[in-house]
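Data block below; observations after.
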Amino acid sequence: MKLYFAPMEGLTDALYRRVHHATFGGADKYFMPFISPAHSLHFTAREMFDLSPRENAGVPVVPQILAKDAAYFLGTVNMLRDAGYTEVNLNIGCPSGTVTAKGKGAGMLKKPDELRFFLDEIFARSPLPISVKTRIGFDFPEEWSALAEIFLQYPLLELIIHPRTCREFYSGQPHNELLTGFIARAPFPVIQNGNVFTPADAHAIDTAYPALTGLMMGRGWAVNPALGQEILGGKKLTKDGLVLFHDRLYRAYTQHWPKSAAVGRMHGIMGYLGFCFADAGKQLRSLRKSTTPQEYSDAAARLFDECDLVDTPVFLPPD
Ligand SMILES: Cc1cc2nc3c(=O)[nH]c(=O)nc-3n(C[C@H](O)[C@H](O)[C@H](O)COP(=O)(O)O)c2cc1C
């Protein structure tokens with residue numbers, strides 16, 4: 001079973017991916033948070049850093065593009081090919097209102113004819129193989145059967161399916177049952193994504209859908225950075241491993257970013273890693289309140305010293 005680290009804007013940037021790969025590994029591919037090209041194909045300094053082959057050396061990464069205009073998409077693929085990338089991923093799943101209002105991301109699922117036209121263009125002209133990350137519909141799961149027929153027409157490198165509608169955002173359980181008939185017919189590899197938070201979740205999906213090529217995991221892997229290696233039968237997360245991961249991340253961010261920005265980024269990361277600790281309410285609260293690097297380092301040291309790890313770290317979605 002292939003294991004893919006999901007793209008998570010604001011979290012899984014080049015530094016995070018590099019540190020994760022060096023400390024735990026277990027990911028066959030890391031999908032980068034999306035870049036969204038405009039006609040100038042101008043990307044921000046942060047996007048260029050994230051895409052730079054030097055920052056990604058030795059890490060199996062796949063750039064992701066959010067676009068509804070075939071010319072912008074293809075221009076970006078050409079640039080990525082020139083930079084040495086060998087595949088790209090198309091985002092047709094982003095549920096954010098600002099993205100779908102522009103008809104991008106999951107907004108593309110609303111207009112199947114335009115989606116088909118876009119896919120015709122990009123699959124005819126792309127210099128690189130394209131995988132797609134999609135949801136099962138915009139408003140209703142019943143939209144999936146028609147969308148599935150569209151995807152089956154194209155030579156996708158892989159199809160990653162988050163089996164929720166755009167309207168469902170991340171709430172409720174994914175409609176995994178909709179995958180069954182589709183996997184049997186798909187001429188390309190199919191990857192499930194959504195709510196795989198523990199090794200037991202991964203093995204349950206693998207057993208229920210043995211024809212799946214793999215799983216893509218985001219929040220569960222952000223909580224337990226050893227999730228991939230655990231699914232593959234390797235070592236469980238240890239306190240030492242978590243401390244090493246944390247310290248390497250913090251060092252990487254303080255080396256590359258202004259100190260206050262590094263602390264801000266660590267708050268985001270600890271929002272996930274915090275689920276690894278038992279009875280850590282007090283320590284996590286003071287960590288969240290820290291603003292200076294010194295306050296942050298002290299609070300993190302207290303958390304690691306005073307709190308044990310839970311047996312099975314699991315992401316708990318907010319109510
Ligand atoms: C903070 C955050 C940022 C995300 N950024 C992206 C993104 O840039 N591109 C994308 O395709 N999906 C993005 N996603 C969706 C995840 O890749 C994934 O599909 C989602 O978290 C469901 O998988 P999970 O249940 O394993 O977390 C993001 C999700 C979160 C929570």
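Worth knowing before you read on, the calculation uses all heavy atoms, side chains too, and leaves out hydrogens, waters and symmetry mates. Counting starts at 1 for both ligands and their atoms, in listed order.
- Ring pair Phe43/Phe49: centre-to-centre distance not below 6.0 Å.
- The 4.0 Å heavy-atom shell around ligand 1 contains residues Ala6, Pro7, Met8, Glu9, Pro33, Phe34, Gln64, Asn91, Lys133, His162, Tyr170, Asn193, Gly194, Asn195, Phe197, Met217, Gly218, Arg219, Tyr272, ordered by chain and number.
- With sequence neighbours excluded, no residue forms a salt bridge (Lys or Arg N to Asp or Glu O under 4.0 Å) with Lys68.
- Relative orientation of the Phe24 and His20 rings is tilted, given thresholds of 30° and 60° on the angle between their planes.
- Under the side chain to side chain donor-acceptor pair (under 3.5 Å) criterion, the residue pairs touching residues 264-275 are Asp13-Arg265, His267-Ser290, with sequence neighbours excluded.
- Applying the side chain to side chain contact (heavy atoms under 4.5 Å, CB included) rule to Thr180 yields the partners Tyr209; only residues at least two apart in sequence or on another chain are considered.
- Under a cutoff of 6.0 Å and an axis angle of 45°, Arg219 and Tyr170 form a cation-pi pair.
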